[in-house]
Amino acid sequence: MLNMDSGGGGTSKKASGDGVSDQFPAGLRVLVVDDDPTCLKILEKMLRNCLYEVITCSRAVVALSMLRERTYSFDIVLSDVHMPDMDGFKLLEHIGLEMDLPVIMMSVDDKKEVVMKGVTHGACDYLIKPVRIEAIRNIWQHVVRKRRNELKEFEQSGSYEDNDRNHKASEDVDYASSVIEGSWKGSKKRKEDEDDLEDRDDTSTMKKPRVVWSVELHQQFVAAVNQLGIDKAVPKKILELMNVPGLTRENVASHLQKYRLYLRRLSGVSHPNGLNTPFMCSQEANFGSMSSFDGLDLQALAASGQLPPNSFATLQAGGLARSTVNTGIGMPHLDQRIPFSTEASKLRFGAGQQMTSSNKQVDLYHGLPTNIEPKQLSHLHQSAQSSGSMGLQASEGTTGFMNLQTSLGTHSMNQSGAVLGSQSNSPLMMQMAQSRSRGQLLSDISSSHPSGTPLSIGQQVFSNDMASRVLGKNITILNGKATTYTPSFQASSMLDFQKKHTMDVPGNGFPVGITTGVSGLQSTGVFQDRGSLEVKGPRSLPTGYVIFDEHPQHKSQEWGLQNVDLTFEASQRPKPLQGNITFSPPVLAHQGLWSSQRGGPNGNVSIVGNTLVSLSEGNQLGTSESFVQRGNSLPMDSSFRVKAESMGDLNSDNIFAAKTFDQDDLMSAILKQQGGGQLENDFNFDGYPIDDIPV
Amino acid sequence: MGSKQLQYQVANMRETLFKQGFLDEQFVQLEELQDDDNPNFVEEIVKSFFQDSVRSMSNIDKALESYPFDFEKLDKYMHQFKGSSSSIGAAKIKEECTQIREYCRQGNVEGCMKVFQQLKKDHAILRKKLETYFQLLRQAGPAETACRPR
């Protein structure tokens with residue numbers, strides 16, 4: 001360098017010469033993010049001189065959205081640590097989770113803690129500013145290393161390929177991508193290499209095209225993994241299950257690796273076991289999507305006590321059967337608290353999660369392995385316990401469904417707990433879907449159930465039911481986070497389904513929020529229901545509700561209970577769902593449940609009975625309480641935080657707000673309930689988080 | 001010969017800036033980056049720095065005047081300023097930024113103020129010197145290349 005000094009101006013040739021001599025790194029596509037314009041210019045120039053393709057960005061938020069839109073347009077990201085609009089580490093986490101690109105952090109700050117933070121957040125390197133071109137010139141190695149590691153992992157997982165080949169392929173890919181992208185501003189020098197690049201492209205694309213793991217794709221992936229069980233899931237089998245044309249084992253292998261790491265991180269935060277198992281278990285197998293739904297409803301009913309098991313059975317044979325069982329069982333479990341702790345209940349929920357709100361939640365959570373935090377869980381448990389209804393549901397769920405138990409358990413627990421807690425506080429409960437940065441949660445969930453099948457809807461339904469039951473009180477808000485898969489996979493919409501159902505039954509004074517996503521059943525491909533059911537006597541739910549006609553109707557008939565006051569309208573926004581099913585039945589059922597509870601608990605109901613009763617009383621009082629449960633998932637942390645907040649306004653105003661938490665991809669549902677007797681349900685479905693830019 | 005004198009002058013100025021500690025190796029990095037694609041790269045970067053530092057310095061001024069004194073904020077500004085000054089190799093300014101940050105940590109308002117006054121002075125000096133330097137450099141034109149081999 002010193003030599004260069006004297007030459008102040010003209011040294012560039014040397015640098016470029018170096019870059020040129022080594023063709024590989026040339027064309028590497030680099031995104032540079034730095035709020036300092038001067039630094040940005042210098043970095044850009046340095047990168048250019050290394051023959052890299054450079055795109056600069058002075059705002060982290062913009063960079064993130066750019067990356068989301070054009071993940072494949074970049075090979076590596078250079079990011080400043082301190083940026084006004086978004087912490088560089090947060091950006092780092094998002095990138096790591098969502099696109100898995102190598103990220104190099106830069107900062108003047110050379111404090112050990114800060115550097116360590118970069119490492120723990122997944123930075124592949126940390127450069128102290130001022131950054132020197134020597135360091136810049138070498139960044140390509142991170143791209144190669146990452147690819148190689150992915151390959152290794154892949155091989156370890158059982159698929160094997162020649163390393164060298166893979167390596168080459170990966171490199172090729174880079175080139176190819178760069179060529180393809182063509183978005184960079186090319187420097188004149190670059191052209192020299194283009195031919196080579198193109199050649200490489202061809203091969204690379206054939207060998208290992210880079211795959212963008214869209215939410216849908218990820219859902220498929222998670223579904224497959226769940227089906228196989230995470231321990232047994234190997235890329236080859238996953239690939240077979242996913243059956244996505246163009247996807248290679250390598251793609252799957254690297255994604256699996258990331259996914260495992262992700263799970264590990266999550267588990268580290270909360271319940272490792274729970275997390276793993278849930279994924280593994282993937283209740284899908286157990287549950288038929290349809291049955292699950294049915295089961296859910298039934299269970300819910302049963303849980304509430306209002307619905308006789310029999311009736312459920314009648315409604316849905318498969319589902320019913322489960323539900324009935326569940327209901328009976330559920331109650332006891334609740335008392336014991338076991339349900340929460342036991343994942344079984346949750347699992348069942350997946351299948352017939354209907355039982356308890358908690359169950360529903362559970363399903364969702366399952367999907368989102370990481371979301372649940374221990375603390376939350378504990379809270380949930382407590383709350384659940386406190387609220388008899390919660391417990392009941394959970395218990396039911398457990399009995400009914402056997403498979404899922406463990407894995408689901410933890411998550412569900414949390415969820416349920418959250419719900420419960422809120423419930424206890426107020427009638428309204430909100431379940432927030434936890435959003436993950438990736439949006440995996442939803443996908444996971446969905447995957448878990450049916451393995452990608454529409455089943456997720458069923459879950460949603462359950463959740464709703466759960467909530468309603470829990471609420472027992474006037475307002476039940478459920479945010480079902482049902483993720484439905486559409487076989488076809490519709491990207492964004494499908495992914496996050498959170499159904500928030502808020503049901504207010506004026507007459508009864510119980511708001512029941514039921515969300516049923518049945519879409520899965522009906523239309524395989526479609527899904528997404530984010531249906532929100534509102535039961536309002538007066539109001540119809542604007543939001544789309546996906547309801548299973550069958551179920552609801554059956555339920556309604558059987559339950560018939562107290563719906564009278566309430567009118568349900570289900571509108572399905574999402575497409576496919578068949579029509580709007582009237583949720584009323586379900587709602588009714590819920591109501592009925594509540595009422596029944598109040599009146600005198602049915603066998604099942606009785607268990608929960610007390611709590612329920614109490615709740616119902618509260619409802620009756622005419623106070624509507626809104627529960628807001630927020631599931632915050634911090635993608636970065638990999639721990640999801642669920643906050644359950646219960647707001648109780650005795651007065652009939654219930655507002656559910658489902659908020660999406662910052663990073664959360666998941667959906668945040670906000671339910672607002674207003675009006676004493678009337679229930680309004682607003683469902684907000686948020687697309688997956690990926691789209692969300694954390695603040 | 002005139003051009004040769006000019007070249008000498010330019011080289012001396014540059015040398016002096018290094019010797020006096022105004023500039024460091026990073027400045028050389030910038031020089032090395034300069035090429036036919038961006039023949040005035042260094043100058044552009046330096047300009048960009050001084051333009052941007054107007055904003056930074058006024059932020060710092062405000063932070064120093066604020067009451068109650070917000071060390072955190074000041075530290076943040078100093079961090080940013082350190083980042084950009086270090087990126088052009090403005091060694092003295094960078095060092096002063098570091099010093100101020102240290103005073104922030106210690107909660108030493110007096111120290112912060114004092115060093116910042118010095119920083120402003122050095123900042124102005126550097127600006128002036130670099131302006132002259134680039135001016136001469138352009139006049140010396142060809143000399144620049146002549147220097148290179150060295």
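Protein chains get the first letters and strands the later ones, always in sequence-line order, with residue 1 at the start of each.
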**Message:** Within the 4.5 Å heavy-atom criterion, are B:Leu33 and A:Met46 side-chain neighbours or not?
**Reply:** yes

**Prompt:** For atom NZ of A:Lys146, is the number of surrounding heavy atoms from other residues, nucleotides or ligands below 6.0 Å larger than 12?
**Reply:** yes

**Fill in**
So, the part of B:Asp52 with a heavy atom under 4.5 Å from chain A: the answer is side chain

**Prompt:** Checking B:Phe27 against chain A: side chain, backbone, both or neither under 4.5 Å from a heavy atom?
**Reply:** neither

**Message:** Are the side chains of B:Asp37 and A:Lys45 in contact, using a 4.5 Å heavy-atom criterion?
**Reply:** yes

**Message:** On a heavy-atom basis, which atom in A:Cys39 and which in B:Ser84 lie closest, and how many Å separate them?
**Reply:** SG-CA, 4.1 Å

**Message:** With rounding to the nearest 0.5 angstrom, report the CD to CG distance, B:Gln80 to A:Asp35.
**Reply:** 5.5 Å

**Request:** Decide yes or no for B:Glu44 and A:Lys41: does some side-chain heavy atom of the first lie under 4.5 Å from some side-chain heavy atom of the second?
**Result:** no

**Asked** Of the listed residues (A:Ile42, A:Asp80, A:Val131), which shares the most heavy-atom pairs with chain B below a 4.5 Å separation?
**Response** A:Ile42

**Prompt:** Out of curiosity, B:Ser48 OG to A:Asp36 CG, how far, rounded to the nearest 0.5 Å?
**Reply:** 7.5 Å

**Message:** Are more than 12 heavy atoms, taken from residues, nucleotides or ligands other than A:Glu113, located less than 6.0 Å from that residue's CD atom?
**Reply:** yes

**Asked** Are A:Asp109 and B:Lys82 ion-paired here, with the side-chain N under 4.0 Å from a carboxylate O?
**Response** no

**Asked** How close do B:Ser86 and A:Val108 get, heavy atom to heavy atom, and via which atoms?
**Response** OG-CG1, 4.2 Å

**Prompt:** Heavy-atom distance under 4.5 Å between the side chains of B:Glu25 and A:Pro130, does that happen here?
**Reply:** no

**Message:** Is B:Lys94 in contact with chain A via its backbone, its side chain, both, or neither, using a 4.5 Å heavy-atom distance?
**Reply:** side chain

**Prompt:** What's the spacing between B:Gln26 CD and A:Lys129 NZ if we round to 0.5 Å?
**Reply:** 11.0 Å

**Prompt:** Any side-chain heavy atom of A:Glu134 sitting closer than 4.5 Å to one from B:Gln29?
**Reply:** yes

**Asked** Does any non-hydrogen side-chain atom of B:Gln51 lie less than 4.5 Å from one of A:Thr38?
**Response** no

